[in-house]
Each structure stands twice: as C-alpha cells, then as structure tokens.
**Q** 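Here it is, the structure, as structure tokens.
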There are 2 protein chains.
Amino acid sequence: MEFKEAKNKFVQTWGALGSQWGINKTMAQIHALLMVSNEAVSMEDIMEELQISRGNASMNLRALMDWGIVYKEYKAGERKEFFTAEKDLDELAVKISRERSKREIKPALKILKEVSTIEAKDSAEEKHFVDQTSKLYDFVLKADNMLDKITEFNDNWLGKLVMKIMK
Amino acid sequence: MEFKEAKNKFVQTWGALGSQWGINKTMAQIHALLMVSNEAVSMEDIMEELQISRGNASMNLRALMDWGIVYKEYKAGERKEFFTAEKDLDELAVKISRERSKREIKPALKILKEVSTIEAKDSAEEKHFVDQTSKLYDFVLKADNMLDKITEFNDNWLGKLVMKIMK
DNA sequence: TTAAACTTTCAAAAATAATTGAAACTTATT
DNA sequence: AATAAGTTTCAATTATTTTTGAAAGTTTAA
C-alpha cells in the first residue's frame, strides 16, 4: 500500500469509527487528517483533501476546537489560518473523556438522581424502579469519577492503569 | 414527582444518552424500560408504552438480544413472548464492552495495523504518518486489552478498579 | 475608507438513519 | 389441514442529521 492510499484509508476508518460513537463523520475525518499531518493544515487544504464545503469545514473545525483537541495556528506573513491536532494520545483521551463527561454523563446523572429519589410507595413495581435507578446512579457516578481520576494522572495513565489491573 | 412521570423521564433520558453514543434511541428506550421493570414485558406492552410499531419493537428487541443484554422468556400457558433485561450492571457493562470491541474496535485495529506498516520512504510526511498511526495502534490495542481484562474480573470490577486507582 | 482575503452563519437541500405497516412466515391449537 | 395467535421481514415513508453555498461578517493592508 502506498502512502496516499494508506492515509485515505486511515481517514475513512477514523470517520466511520467516530460515527459509530456519536461523533459526526466529517469532524472525525478532519481530526484524523490533522493527527497524521506533520504540519499545520489550512482550511482550503482540508476542504480539498476531504472534498467538503467551506461551511462544513468551518463548523467542524470550530467543534473540534471547542472539544480542545484542535488548535488554530498563524503563520508569519500568511493571512489565512492553519490547524493542528492534539497529537499526544493520553492528552487526547483525557480531553475527550472530560468533554463527554461534562456534556453527556453529568446531565444524565442529574436526571438519574431525580428519578431515583421519588417516594416509592409500597408497590413492588415502584420499589424495583427506585432500587434499580439508584444502583444505576451509583454505577455511573463511580465510572464517571474514574474518568476524573484518570484525568489527574500525569503521563501515560493508560500504561500505568494497565499495570495496576494486571498485578 | 410521581412514579409514572419518573419512569418516563428515565426512559427518555436513557434513549437520548444512547443516541449520543451511537445507539439507536428506541433500542436504548426498550432497554431502559426492561431494566426498571420488575417482571418480563410483552412486545405488545412495549409497543404500547413507547408508542412504537410492531416492526420497530421486533427489530430492536432482536438487536438487544444480539448484544446479549435482553433475554426472551416464556410464560406457562401464554403463547406470546416476554422480555427481560440484564439487570446486573457489572454484567451489562462487560457485555456492552465486549460487543463494541468485537464490532468496532477490533476491525479498526486491523486497519490501523495495515496503514501503520506501510514502507515509509524518506519524506518527513510519511515518517510522521507511520509514527503517529503506530502510536495510535498501540494505544487503542492497550485500551482494548484493558476492556478484555475487565471482562475477566469477577463481581464488582468497577469498584475494585476504583480502589486500585485511588491507592 | 476601501478593497481584498479570509471566515462564519444559517436556511435550504441532500444524505442518512429510523420507523411504519402490511404481507409473509412460524408455531400452536382445534 | 385449517385457523388462530403471534413474530419477522423489508420496501416505502418519515424523521433526523449533515452538508452545502452564498450572503453577511471580520480583519488586514494599502
């Protein structure tokens, strides 16, 4: 396989994986493209490589920057903007975890707490509901805290964590 | 908040959360409904509660069973089928991890391996591509193995893991 | 202060994904 | 072996999400 083919395959695969995890395909593709580029890329070039419109590129670059995993760069003497991706994978994972926690898990936890604290009367049905949603609340809270803890680790948390699990 | 309202809120929230993680809303809603039901539920009742068609219910129940997190049950003297969800949350997490690994991560890893092993010639661009995709391959492989390891644990792996991380 | 270079916004269009519903299929009962 | 009870399938429809493209906005430079 030659370079261009491999690069394209990678970008497509990353895009597909993104879709399956609720991340818009183009957003994942742009991210993939920037991850494997050794220098900052202009919007023009992104549009060209991915065959997408200016609006699409602009909106998804903004989203990636909101996630904190893509940065804007300015080159001396150049008017246009260039973009680079966070290339450190530990850092990338931490940022994605943080964002998903903030945007999705925290709000879900709030609802889970609300519904798990209704007064359960005496029917078995209602008791089971309260019991199950309480357990779910505890579980999700614990999982979410685990992500927070990981965030606090320094370099190579994944490696360290794997060591701990193995032992 | 009264029971019916809480139950509905829970089902809607779980459905929305599913969507955000690439799981069809109805599938997540059916799962939510079964999780908080203290007894097996018929397709008829699922259709009624979620206001969905028979086809939709049938297809999503099949999908949930393929994931191994919903089971069919038969009641003596009743011709129709009833459904229950896996209610043990550790077991649920393990099964979801396994399926997503098998369906999405493993195939992605295969591609990652392919593209990271092209011959890198001498351009800095190609070298960076190979370097970055190799790192990504290692990272994803490690994360995926971590999920496998979790699978092997027995009860309450999440709690145990949290203890390990804390220490 | 004007124009050029570039970016953002957002309503409309296109693409994708989910849902319906009725026919086909399966299994149990008379 | 005919009918009834129930389930599955899938082409067509509907809903949702993504993408486009052009107008509006912004910034820099002459």
Side-chain angles (χ1 to χ4, degrees), chain A residues 11-34 40-67 70-84 100 103-104, chain B residues 11-34 40-67 70-84 100 103-104:
Chain A
V11 169
Q12 298 305 321
T13 303
W14 210 238
L17 199 61
S19 298
Q20 289 171 316
W21 288 79
I23 286 141
N24 144 350
K25 187 185 66 175
T26 302
M27 185 169 155
Q29 286 182 342
I30 294 178
H31 181 247
L33 185 62
L34 296 180
V41 184
S42 71
M43 201 156 89
E44 211 69 46
D45 287 347
I46 292 169
M47 289 162 58
E48 167 65 23
E49 282 223 50
L50 302 180
Q51 290 291 304
I52 58 173
S53 71
R54 187 172 296 285
N56 197 6
S58 173
M59 288 193 305
N60 283 112
L61 280 166
R62 142 91 46 221
L64 285 162
M65 289 187 294
D66 289 348
W67 277 58
V70 160
Y71 316 112
K72 224 182 237 185
E73 269 187 16
Y74 298 95
K75 285 193 188 177
E78 291 257 32
R79 187 113 159 233
K80 62 171 166 260
E81 300 167 340
F82 292 81
F83 302 88
T84 34
R100 296 208 88 148
R103 296 177 192 210
E104 296 152 15
Chain B
V11 169
Q12 297 305 320
T13 303
W14 208 239
L17 199 62
S19 297
Q20 290 171 316
W21 288 79
I23 286 142
N24 148 346
K25 187 186 65 174
T26 301
M27 185 168 154
Q29 286 183 341
I30 294 177
H31 182 247
L33 184 62
L34 296 180
V41 184
S42 70
M43 200 155 89
E44 212 68 48
D45 288 346
I46 291 169
M47 288 163 58
E48 167 65 22
E49 282 224 50
L50 302 180
Q51 290 292 302
I52 58 173
S53 70
R54 187 172 295 285
N56 196 6
S58 172
M59 287 192 304
N60 283 113
L61 280 165
R62 144 86 47 218
L64 285 162
M65 289 188 294
D66 289 348
W67 277 58
V70 160
Y71 316 111
K72 223 180 239 186
E73 269 186 15
Y74 300 94
K75 287 193 187 176
E78 290 258 30
R79 189 118 154 222
K80 61 170 168 260
E81 301 168 339
F82 293 81
F83 301 89
T84 35
R100 295 208 88 147
R103 296 177 192 210
E104 296 151 15

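Lettering follows sequence order; numbering is per chain, from 1. Note that this is a predicted model, so its numbers are computed, not measured.
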**Q** If you count heavy atoms of other groups shown closer than 6.0 angstrom to CZ of A:Arg103, is the number above 12?
**A** yes

**Q** Please state whether the base of C:dT27 and the side chain of B:Arg79 form at least one donor-acceptor pair under 3.5 Å?
**A** yes

**Q** With the side chain of B:Lys25 defined as its heavy atoms from C-beta on, choose the nearest nucleotide among C:dT8, C:dT19, D:dT8.
**A** C:dT19

**Q** May I ask you to verify if any side-chain N or O of B:Thr26 is less than 4.0 angstrom from the OP1 or OP2 atom of C:dT19?
**A** yes

**Q** Give the rounded distance in Å between these two atoms: CG of B:Leu61 and P of C:dA18.
**A** 16 Å

**Q** Could you state the CD1-C1' distance from B:Ile30 to C:dA18, rounded to the nearest angstrom?
**A** 12 Å

**Q** Taking 4.0 Å as the cut-off, does a side-chain nitrogen or oxygen of B:Lys80 come that near to OP1 or OP2 on D:dA4?
**A** no

**Q** Tell me the interatomic distance from B:Arg62, atom CZ, to D:dG6, atom C1', rounded to whole angstroms.
**A** 15 Å

**Q** Rounded to whole angstroms, how far apart are CG on B:Asn24 and P on D:dT14?
**A** 19 Å

**Q** May I have the distance from B:Glu81 (atom CD) to C:dT26 (atom C1'), rounded to whole angstrom?
**A** 10 Å

**Q** Would you kindly give the CD1-to-C1' distance between A:Ile46 and D:dT19, to the nearest whole Å?
**A** 16 Å

**Q** Going from OG1 on B:Thr26 to CD1 on B:Ile46, what distance comes out if it is rounded to the nearest 0.5 angstrom?
**A** 11.5 Å

**Q** Any chance you could measure A:Met43, atom CE, to A:Glu81, atom CD, to the nearest 0.5 Å?
**A** 7.5 Å

**Q** From CE of B:Met27 over to P of C:dA17, roughly how many Å is that when rounded to an integer?
**A** 15 Å

**Q** Take atom CD in A:Glu73; do more than 12 heavy atoms of anything else shown fall under 6.0 Å from it?
**A** yes

**Q** Between D:dT20, D:dT8, C:dT19, which nucleotide gets closest to the side-chain atoms of B:Arg54?
**A** D:dT8

**Q** B:Ser58 side chain: which of C:dT8, D:dT20, D:dT8 is closest?
**A** D:dT8

**Q** So which one's nearest nucleotide on DNA chain C is more toward 5', A:Glu44 or A:Ser19?
**A** A:Glu44

**Q** Measure the distance from CD1 on B:Ile23 to P on C:dA17 and round it to the nearest whole Å.
**A** 15 Å

**Q** Which of these nucleotides, D:dT19, C:dT8, C:dT19, is closest to any side-chain atom of A:Asn60?
**A** D:dT19

**Q** A:Tyr71 vs A:Phe83, test: side chain to side chain contact (heavy atoms under 4.5 Å, CB included). Steps then yes/no.
**A** CA-CA 6 Å; A:Tyr71 316 112; A:Phe83 302 88; over 6 Å; no

**Q** So which one's nearest nucleotide on DNA chain C is more toward 5', B:Met59 or A:Lys72?
**A** A:Lys72

